[in-house]
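These notes are about the structure you will find just below.
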2 protein chains.
Amino acid sequence: MTLSEEDYIKAIYHLSEFNSKSVATNAIAEQMKTKPSSVTDMIKKLAEKSLVNYKKYQGVSLSEKGRLVALSIIRKHRLWEVFLVDKLNFSWDEVHVVAEQLEHIKSDALIDKLDAHLGFPKVDPHGDPIPNKDGVFTKSVKKLISELPVGSQGVCVGVNDSSAAFLKFLDKNKIALGDTFKILEIEEFDGSVTISTRSGSIRISKQIATNLFLEIVDEE
Amino acid sequence: MTLSEEDYIKAIYHLSEFNSKSVATNAIAEQMKTKPSSVTDMIKKLAEKSLVNYKKYQGVSLSEKGRLVALSIIRKHRLWEVFLVDKLNFSWDEVHVVAEQLEHIKSDALIDKLDAHLGFPKVDPHGDPIPNKDGVFTKSVKKLISELPVGSQGVCVGVNDSSAAFLKFLDKNKIALGDTFKILEIEEFDGSVTISTRSGSIRISKQIATNLFLEIVDEE
DNA sequence: ATATAATTTTAGACAAAGCTAAAAAATTGT
DNA sequence: ACAATTTTTTAGCTTTGTCTAAAATTATAT
Ligand SMILES: [Mn+2]
Ligand SMILES: [Mn+2]
Ligand SMILES: [Mn+2]
Ligand SMILES: [Mn+2]
């Protein structure tokens, strides 16, 4: 598999991660920052290799084979991110671009030994799960703050948007994975949410609330 | 710079490392496992970018700019080799192929942090020096066993051939970097050499003797 | 000195991955 | 229902890096 094919497979995976339907050519083009005509060309090649299911004008979806390829690249990407943060002291907003390259290094031994070196981590620095060798991973039950009712309490376990801009914003506002939050108030007008943190309560915009995942702590 | 350009630059560097003359098209083709016509095409492109000095039919040599590019790739290659051996427990005969890929990852921050993480090593697992950021490195005074007279004594500090086959041979025969050897006898007939090691004396073939470097311990 | 051999370059082709412009199909609005 | 719009595909072109076959140049050997 070429680097480019791998990036397309990963893009298709992420675009169908939640809705599970077939993915539109234009959506892939936007994700990959290419033109729709280039996407069509690549899709044909991937279909030829049975990595995707494709019918002209009907969008595309990953085959089981393609899904496993996607998960193996995602596994590598996330393990490298853990390495960069835990071992090389990168901050969590810098690692994505580098992992984007490292994920394409081809060596099973390398990724096995890296996994062991890191202590077999289950999640990456952004709270995303790391699939095992067979593409198996546990999708934890986590909810966006924007989906939760007043009174909910939970541990911040992940980000929806992992852009450097958002991650830096969180750092600046002293919001980190592992923090416990409680939803105190939801403002009807603009969707902003007041949450309690260790250091008092803060108000976050709707945009922030739709990009932070909490793992709910059952209220007894 | 593309991956391919980088590999050509590195190949030219290694081919002119010792003789310093200009490098032949055929030699590059052999090293790169391509055809001479492909080499000519690439040389033109590199000349266009002022990375090499080139005159038709007269061979090629690296420009100062090209030399610095070569050294930065070699720096990355060797640092990754140290990482693979020291941190991931690869054996020294497995690391070259993986480093061949890792050397092309583009991130100055990555290589700086890796260097620090490894404790700023000066040599790679095969005893080869690691250039610093500016391409500066100390070429230690080391000699091949085959170049030394009877009575010489020194510490084994490097290999000339770093193929997996040779390195595995050394492991099997309990020869490792850091060992102290003394040359006891040189057989005129076939060039084989008898050396003393910690565990007694052994006879090595001429081929082995031309691929092991010793750093001489001055005999007082 | 010159024929033969070896090396190097050129010419022309191909596959991968991208682009633009135009055509085809699907979707949407009235 | 059907015209307008959007989406998707096709056609044709470009760049990068490779190849084979043929031509040009340089080296070698008698
Ligand atoms: Mn990538
Ligand atoms: Mn991540
Ligand atoms: Mn390489
Ligand atoms: Mn080495």
Side-chain angles (χ1 to χ4, degrees), chain A residues 1-16 19 21-63 66 69-70 73 100-101 103-106, chain B residues 1-16 19 21-63 66 69-70 73 100-101 103-106:
Chain A
M1 295 220 51
T2 68
L3 186 148
S4 205
E5 287 173 340
E6 290 187 348
D7 279 341
Y8 272 98
I9 290 285
K10 202 174 54 139
I12 296 168
Y13 178 90
H14 281 130
L15 288 167
S16 55
N19 61 25
K21 298 190 168 183
S22 76
V23 179
T25 302
N26 272 359
I28 299 171
E30 193 183 350
Q31 180 92 357
M32 294 293 297
K33 290 171 183 167
T34 57
K35 302 293 167 181
S37 54
S38 306
V39 173
T40 301
D41 285 348
M42 179 57 88
I43 286 172
K44 282 182 190 166
K45 203 199 305 182
L46 297 176
E48 199 59 46
K49 298 187 178 184
S50 314
L51 291 161
V52 298
N53 309 117
Y54 172 58
K55 259 176 135 177
K56 263 191 195 178
Y57 292 102
Q58 301 310 132
V60 75
S61 64
L62 290 182
S63 69
V69 169
I73 302 161
E100 203 59 46
Q101 295 179 65
E103 70 189 359
H104 302 289
I105 302 291
K106 272 145 197 83
Chain B
M1 299 221 49
T2 67
L3 186 147
S4 206
E5 287 173 341
E6 290 187 347
D7 279 341
Y8 272 97
I9 290 285
K10 202 174 54 138
I12 296 167
Y13 178 90
H14 281 130
L15 288 168
S16 56
N19 61 23
K21 300 192 166 180
S22 76
V23 179
T25 302
N26 272 0
I28 300 171
E30 193 183 350
Q31 179 93 356
M32 294 293 299
K33 289 170 183 170
T34 57
K35 302 292 165 181
S37 55
S38 306
V39 173
T40 301
D41 285 348
M42 180 56 88
I43 286 172
K44 283 182 190 165
K45 203 198 307 183
L46 296 176
E48 198 61 46
K49 298 188 178 181
S50 316
L51 291 161
V52 298
N53 309 118
Y54 172 58
K55 259 176 136 175
K56 264 192 196 178
Y57 292 102
Q58 301 310 132
V60 75
S61 64
L62 290 182
S63 68
V69 168
I73 301 161
E100 203 58 47
Q101 296 178 64
E103 70 190 358
H104 302 289
I105 302 290
K106 272 141 196 88

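Between D:dT26 and B:Q58, a contact under 4.0 Å exists linking OP1 or OP2 to a side-chain N or O. One finds no side-chain N or O of A:S37 lying less than 4.0 angstrom from the OP1 or OP2 phosphate oxygen of C:dG18. Between A:K44 and the phosphate of D:dT10, there is a side-chain N or O to OP1/OP2 separation shorter than 4.0 Å. Between A:K56 and the phosphate of D:dT10, there is a side-chain N or O to OP1/OP2 separation shorter than 4.0 Å. Between B:S38 and the phosphate of D:dC19, there is a side-chain N or O to OP1/OP2 separation shorter than 4.0 Å. Between A:S4 and the phosphate of C:dG18, there is a side-chain N or O to OP1/OP2 separation shorter than 4.0 Å.
Rounded to an integer number of Å, the gap from CG of B:L3 to C1' of D:dT15 is 17 Å. For B:M42 and D:dT15, the CE to C1' distance is 12 Å, given to the nearest whole Å. In this structure, B:D41 atom CG and D:dT15 atom P are separated by 15 Å, rounded to whole Å. In this structure, B:I28 atom CD1 and C:dT8 atom C1' are separated by 11 Å, rounded to whole Å. The CD atom of A:E48 sits 11 Å away from the P atom of C:dA16 (whole-angstrom rounding). One atom, NZ of A:K35, and another, P of C:dT20, lie 5 Å apart when rounded to the nearest Å. If you take CG of B:L46 and P of D:dT16, they are 12 Å apart, rounded to a whole angstrom. Atoms CE (B:M32) and P (D:dT16) sit 17 Å apart, rounded to a whole Å.
In this structure, of C:dT9, C:dC19, D:dT16, it is C:dT9 that holds the atom nearest to the side chain of B:T40. Closest contact between the side chain of B:Y57 and the listed nucleotides C:dT10, D:dT8, D:dA24 involves D:dA24. The nucleotide whose nearest atom lies closest to any side-chain atom of B:N26 is, among D:dC19, C:dT7, D:dT9, C:dT7. The side chain of A:Y8 sits closest to C:dG18 out of D:dT18, D:dT9, C:dG18.
Remark: A:L3 CG to A:I105 CD1 distance equals 9.5 Å, nearest 0.5 Å. For the atom pair B:T2 OG1 and B:Y8 OH, the distance stands at 10.0 Å (nearest 0.5 Å).
Surrounding CD of B:E100 are more than 12 heavy atoms belonging to other residues, nucleotides or ligands, all under 6.0 Å away.
In terms of heavy atoms, A:A70 sits closest to A:L62 at CB-CD1, 4.0 Å.
Looking only at distances, a side-chain donor or acceptor of A:S22 sits under 3.5 Å from a matching main-chain atom of A:Q58.
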